[in-house]
Amino acid sequence: MYKSFIKPIFFRFDPEKVHHFTFSTLKLVNKISGVSALIRANCQINDPRLEREVFGLKFKNPVGLAAGLDKDAKLYSELENFGFGFIEIGTLTPKAQPGNPKKRLFRLKEDHGLINRMGFNNGGVEEAVQRLKKNKGTLIGGNIGKNKVTPNENAIDDYNICYDALFPYVDYFVVNVSSPNTPNLRALQDKEPLTALLNALQTKNAQKDKPKPILLKIAPDLTDEQLLDIIDIVAETKIAGVIATNTTIERKGLVSPNKEETGGLSGKPLTKRSTEVIRFLSEKSNKAFPIIGVGGIHSPEDAIEKLEAGASLIQLYSGFIYEGPGLIKKINEEILSKY
């Protein structure tokens, strides 16, 4: 139904407007008695063989929603109904910010991709916290970043603020220094500033009675040398793992007419590279840490490829938009048939 009826209608309109319309509609529909239960009955697979224990957390299945879709924790419960094993919110920043000027989200229909230059638009971490206080059991990852106006030399302050605010309400943290849409943010991926940032967060984390897993989300555009640095940094800082990968600035091989739009590219054009990064990190580190694989998962086969490359868990974003909610169930069914 989604691909034959809903998607063709949605794809006639501006993607950001469709996003807000869809969120409002899902929120409204799920308030109708019995609707949430009906969605769960049709979409969820509850099978103990799908459960995964990764960095000390128990996931009911390995298919999660990547950060970027539910930035402000507005719809995590409703989205979980579609069968996701976990939901990652954000990227959140200490203060609310509007993000980059519109138009800033583009479909590359011919390439089955998306380009976004959203710029960490969000309502601020405290606003999200108020919604997370109502969580009734959804496993939540908190993706955190810095405000655009915060200089890199003060970035640690912003990440600390987000960490402190979210700590009681999320199950794991993701440090986002890999978005291409905040000026100079990717410079924080360099070895020295990244090590300092992660050590600062880990110091705070160690002071907690029950520390929470901290992960690093990396860009697919890193060189092999830089990826080896990432392996060293994970070992030195003792963070819980890595999310591979964020969006790419690469445009090679695209055919869509709007392929040169500025921003981060996601979707099918990212499938191969993100898998390469996962495999590289897994093999070169001798599987020393868990990896969440994300980037271009549009089919059960794409998901299995990520898992076989070394991912412990996977996340969807563009594939969820292009293929619809049914993709989650198909992936979990394929996992059950394979393992």
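- Note on residues 17-43: pairs passing ring-ring contact (aromatic ring centres under 6.0 Å, His included), not counting sequence neighbours, are His19-Phe23.
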Working for salt bridge (charged side-chain N to carboxylate O under 4.0 Å, His left out), residues Glu260 and Arg251:
CA-CA 7 Å; Glu260 297 301 334; Arg251 296 294 188 267; 5.5 Å; no
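- Here Phe11 and Tyr322 bring their ring centres to under 6.0 angstrom of each other.
- With salt bridges taken as basic N to acidic carboxylate O contacts below 4.0 Å, one links Lys60 and Glu80.
- No hydrogens or angles considered: a donor-acceptor pair under 3.5 Å links the side chains of Thr93 and Asn122.
- Between Asp221 and Arg186 there is a salt bridge, since at least one side-chain N of the basic residue sits less than 4.0 Å from a carboxylate O of the acidic one.
- Among Pro180, Pro220, Ser179, Ser318, the one residue that satisfies the side chain to side chain contact (heavy atoms under 4.5 Å, CB included) test with Thr247 is Pro180.
- In this structure, the side chains of Ile233 and Gln189 stay at 4.5 Å or more apart for every pair of heavy atoms.
- Residue Ile321 comes nearest to Leu114 through the heavy atom pair CD1-CD1, 3.7 Å, listed as atom of the first residue, atom of the second, then distance.
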Verify side-chain contact (heavy atoms from CB on, under 4.5 Å) between Asp171 and Phe86, making sure each step is shown before the conclusion.
CA-CA 10 Å; Asp171 298 284; Phe86 59 108; over 6 Å; no
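- In this structure, Val255 shares a hydrophobic cluster with no other residue, the cluster being traced through Ile, Leu, Val, Met, Phe, Trp and Tyr side chains under 4.5 angstrom apart.
- Distance check: Leu281 CG to Leu228 CG gives 8.5 Å after rounding to the nearest 0.5 Å.
- Using cut-offs of 30° and 60° for the angle between ring planes, the Phe59 and Tyr172 rings count as tilted.
- With salt bridges taken as basic N to acidic carboxylate O contacts below 4.0 Å, none links Lys103 and Glu16.
- The side chain to side chain contact (heavy atoms under 4.5 Å, CB included) test with Leu270 is passed by exactly one of Ile297, Thr248, Thr275: Thr248.
- In the model, Asn81 has a side-chain atom that pairs as donor or acceptor with a side-chain atom of Arg40 under 3.5 Å.
- Using a cut-off of 4.0 Å between Lys/Arg side-chain N and Asp/Glu carboxylate O, Asp302 and Lys268 are scored as not salt-bridged.
- Counting non-hydrogen atoms of neighbouring residues, nucleotides and ligands closer than 6.0 angstrom, the CD atom of Glu153 exceeds 12 such neighbours.
- Closest of all the heavy-atom pairs between Pro94 and Gly145 is CD-O, 3.9 Å.
- Considering only heavy atoms from C-beta on, Lys95 stays 4.5 Å or farther from Val149 through its side chain.
- Screening Val242, Leu227, Ile230 for a side chain to side chain contact (heavy atoms under 4.5 Å, CB included) with Val277, the sole residue that qualifies is Leu227.
- A 6.0 Å sphere centred on NZ of Lys191 holds more than 12 heavy atoms belonging to other residues, nucleotides or ligands.
- Other members of the cluster containing Leu105 are Met118, with ILVMFWY side chains joined at under 4.5 Å, either directly or via other members.
- Figure legend: cation-pi geometry between Lys212 and Phe167, with NZ or CZ positioned under 6.0 Å from the six-membered ring centre and within 45° of its axis.
- Using a 4.0 Å cut-off between charged nitrogen and carboxylate oxygen, Glu78 and Lys27 count as a salt-bridge pair.
- When the side chains of ILVMFWY residues are joined at heavy-atom separations under 4.5 Å, either directly or via intervening members, Leu57 and Tyr76 end up in two distinct hydrophobic clusters.
- Within a 6.0 Å sphere centred on NZ of Lys272, heavy atoms belonging to other residues, nucleotides or ligands number 12 at most.
- Checking each of Ile218, Thr237, Leu216 against Leu194 for a side chain to side chain contact (heavy atoms under 4.5 Å, CB included) leaves exactly one that passes, namely Leu216.
- In the hydrophobic clustering of ILVMFWY residues, with side-chain heavy atoms under 4.5 Å counting as a link, Val174 and Leu188 come out apart.
- With respect to Glu334 and Lys330, no salt bridge is recorded, no charged nitrogen being found less than 4.0 Å from a carboxylate O.
- Counting heavy atoms from C-beta on, the side chains of Asp111 and Leu265 never come closer than 4.5 Å.
- Between Lys102 and Asp14, none of the side-chain N atoms (NZ, or NE/NH1/NH2) sits under 4.0 Å from a carboxylate O, so this pair counts as no salt bridge.
- For NZ of Lys208, the number of neighbouring non-hydrogen atoms (other residues, nucleotides, ligands) closer than 6.0 Å is greater than 12.
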